[in-house]
Amino acid sequence: MAEMDGKERKVSFGFEEVTEAEKVARVKGVFRSVASRYDLMNDLMSAGVHRLWKHDAMNKVNPQPGERHLDVAGGTGELARAFLGLADKAGARRGDARPATAIVCDINDAMLDAGKARADNAKWEGRLDWVCADGQKLPYPDKSFDVVTVSFGIRNFADRVAGLGEFRRVLKTGGRLAVLEFSQLTAPLLQEAYDTYSYAVIPRLGELIAGDRSSYQYLVESIRQFPEQSVFKAEIEGAGFKQVSVTNYSGGIAALHFGWAA
């Protein structure tokens, strides 16, 4: 997490130790650089499997008509659009026409711009909003949302525990939190193979497709710095969430942490 160095807290930026303010600035730079190719790179890096992980995560969330969803570090809005679609399907089955709504919240304006440019947003006009804000300082009153999601974003927080506290604050009692993040593999041999692939292939893909090797080098390193599943589960519980479960995907390449606001 963070260490004190004199009067300044130090946190990880990949394998470097930097101040919290520097991490925020550098993360903004990373995602501003890769925004236009972000979705394509995700497909290439995971061979499209990330979409299956997100689909399963949203099924776990089980969106319902009339609910209000906040997707933190939501980037191009993939989870928010999925939430609205599943809520409408649930409403059609039950004869409930109340429209669900969603907000994509991201600290990076370039990522939001890439999301807002997508043609498939038109069907959600009036129900999908885009807000540039820090996930550690959410601009919403207490108990504002039924669901908060974070997809492959919390490892970029300068202080993820502060972020978890904000998620709990803005969730209604009984609201759901779903955090999908790259994690630690459950078998050492798999971890070795995955490390070899990550360090050799992903930065090279970033260079070829996005014209940015260093940003994808950071992304690989940030995954290695993220805690193992049990440690992150304890952090979520410490923030005030109950019945926290962990679902590993692809042997732990990614994991879904799901909990209820107490």
Side-chain angles (χ1 to χ4, degrees), residues 1 52-74 77-91 93-94 96 98-106 127 129 131 133-157 159-184 186 226-249 252 254-262:
M1 276 296 290
L52 299 179
W53 300 336
K54 291 172 182 174
H55 178 76
D56 190 75
M58 292 311 297
N59 282 337
K60 179 75 171 179
V61 168
N62 191 25
Q64 296 299 310
E67 289 190 324
R68 194 173 186 219
H69 170 222
L70 177 66
D71 189 22
V72 180
E78 188 174 1
L79 283 192
R81 284 185 292 269
F83 181 93
L84 295 174
L86 288 173
D88 283 359
K89 288 180 180 178
R93 289 193 300 269
R94 291 164 39 187
D96 187 341
R98 290 176 300 155
T101 58
I103 297 173
V104 181
C105 175
D106 201 290
R127 298 172 58 190
D129 198 8
V131 174
D134 187 343
Q136 294 174 208
K137 301 174 183 177
L138 294 170
Y140 303 106
D142 296 358
K143 303 183 185 304
S144 296
F145 297 95
D146 301 284
V147 175
V148 170
T149 60
V150 192
S151 175
F152 304 114
I154 199 166
R155 75 183 187 282
N156 299 311
F157 279 34
D159 186 344
R160 64 176 174 272
V161 171
L164 291 170
E166 277 291 270
F167 305 159
R168 174 61 193 91
R169 182 184 66 78
V170 302
L171 272 170
K172 299 174 183 177
T173 301
R176 291 102 72 201
L177 172 69
V179 182
L180 180 62
E181 186 55 86
F182 291 115
S183 196
Q184 307 303 321
T186 55
F226 197 72
E228 65 179 22
Q229 290 85 324
S230 62
V231 174
F232 187 47
K233 178 176 182 285
E235 291 178 352
I236 294 172
E237 291 169 337
F241 292 90
K242 302 299 183 185
Q243 301 179 47
V244 179
S245 63
V246 180
T247 303
N248 286 313
Y249 298 123
L256 172 66
H257 287 72
F258 183 89
W260 301 80

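Everything quoted here is computed from the prediction, not taken from an experiment.
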Say you draw a straight line from [atom1] of [X] to [atom2] of [Y]; how long is it, rounded to the nearest 0.5 Å?
| X | Y | atom1 | atom2 | value |
| --- | --- | --- | --- | --- |
| Thr149 | Phe258 | OG1 | CZ | 11.0 Å |
| Leu256 | Tyr249 | CG | OH | 4.5 Å |
| Ile236 | Lys242 | CD1 | NZ | 13.0 Å |

(request) Go through the structure and list residues passing ring pair (Phe, Tyr, Trp, His ring centres under 6.0 Å) with Phe241, not counting sequence neighbours. (result)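 For Phe241, no residue satisfies ring pair (Phe, Tyr, Trp, His ring centres under 6.0 Å) once neighbours in sequence are set aside.
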If every non-hydrogen atom of [X] is compared with every non-hydrogen atom of [Y], which pair is closest and at what distance?
| X | Y | value |
| --- | --- | --- |
| Leu164 | Ala239 | CB-CB, 3.7 Å |
| Gly135 | Val72 | CA-CG1, 3.8 Å |
| Ala178 | Val61 | CB-CG2, 3.6 Å |
| Gly174 | Trp260 | O-CE3, 3.2 Å |
| Gly77 | Val104 | CA-CG2, 3.8 Å |
| Asn248 | Ala255 | OD1-CB, 3.7 Å |

Side-chain contact test, heavy atoms from C-beta onward, threshold under 4.5 Å: evaluate it for [X] versus [Y] and give yes or no.
| X | Y | value |
| --- | --- | --- |
| Pro63 | His69 | no |
| Leu79 | Leu180 | no |
| Asp129 | Thr101 | no |
| Val131 | Tyr140 | yes |
| Ser151 | Glu78 | no |
| Thr247 | Lys60 | no |

(request) Evaluate the criterion side-chain contact (heavy atoms from CB on, under 4.5 Å) for residue pair Phe232 and Arg155; output intermediate values, then yes/no. (result) CA-CA 11 Å; Phe232 187 47; Arg155 75 183 187 282; over 6 Å; no
Verify, without hydrogens or angle tests, whether [X] (side chain) and [Y] (backbone) share a donor-acceptor contact under 3.5 angstrom.
| X | Y | answer |
| --- | --- | --- |
| Arg127 | Ala100 | yes |
| Gln136 | Phe157 | no |
| Gln184 | Gln229 | no |
| Glu237 | Val244 | no |

(message) Evaluate Leu70 against Phe167 for side-chain contact (heavy atoms from CB on, under 4.5 Å), listing each step before the verdict.
(response) CA-CA 9 Å; Leu70 177 66; Phe167 305 159; over 6 Å; no
(request) Validate the cation-pi geometry between Arg160 and Phe226: distance from NZ or CZ to the six-membered ring centre under 6.0 Å, angle to the ring axis within 45°. (result)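 The answer is yes; both the distance and angle limits are met.
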(request) Just grab all the salt bridge (Lys or Arg N to Asp or Glu O under 4.0 Å) pairs involving residues 163-172, residues at least two apart or on different chains. (result)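 Applying salt bridge (Lys or Arg N to Asp or Glu O under 4.0 Å) to every pair that reaches into residues 163-172, excluding sequence neighbours, yields Asp142-Arg169, Asp146-Lys172, Glu166-Arg169.
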(request) Evaluate the criterion side-chain contact (heavy atoms from CB on, under 4.5 Å) for residue pair His257 and Leu177; output intermediate values, then yes/no. (result) CA-CA 8 Å; His257 287 72; Leu177 172 69; over 6 Å; no
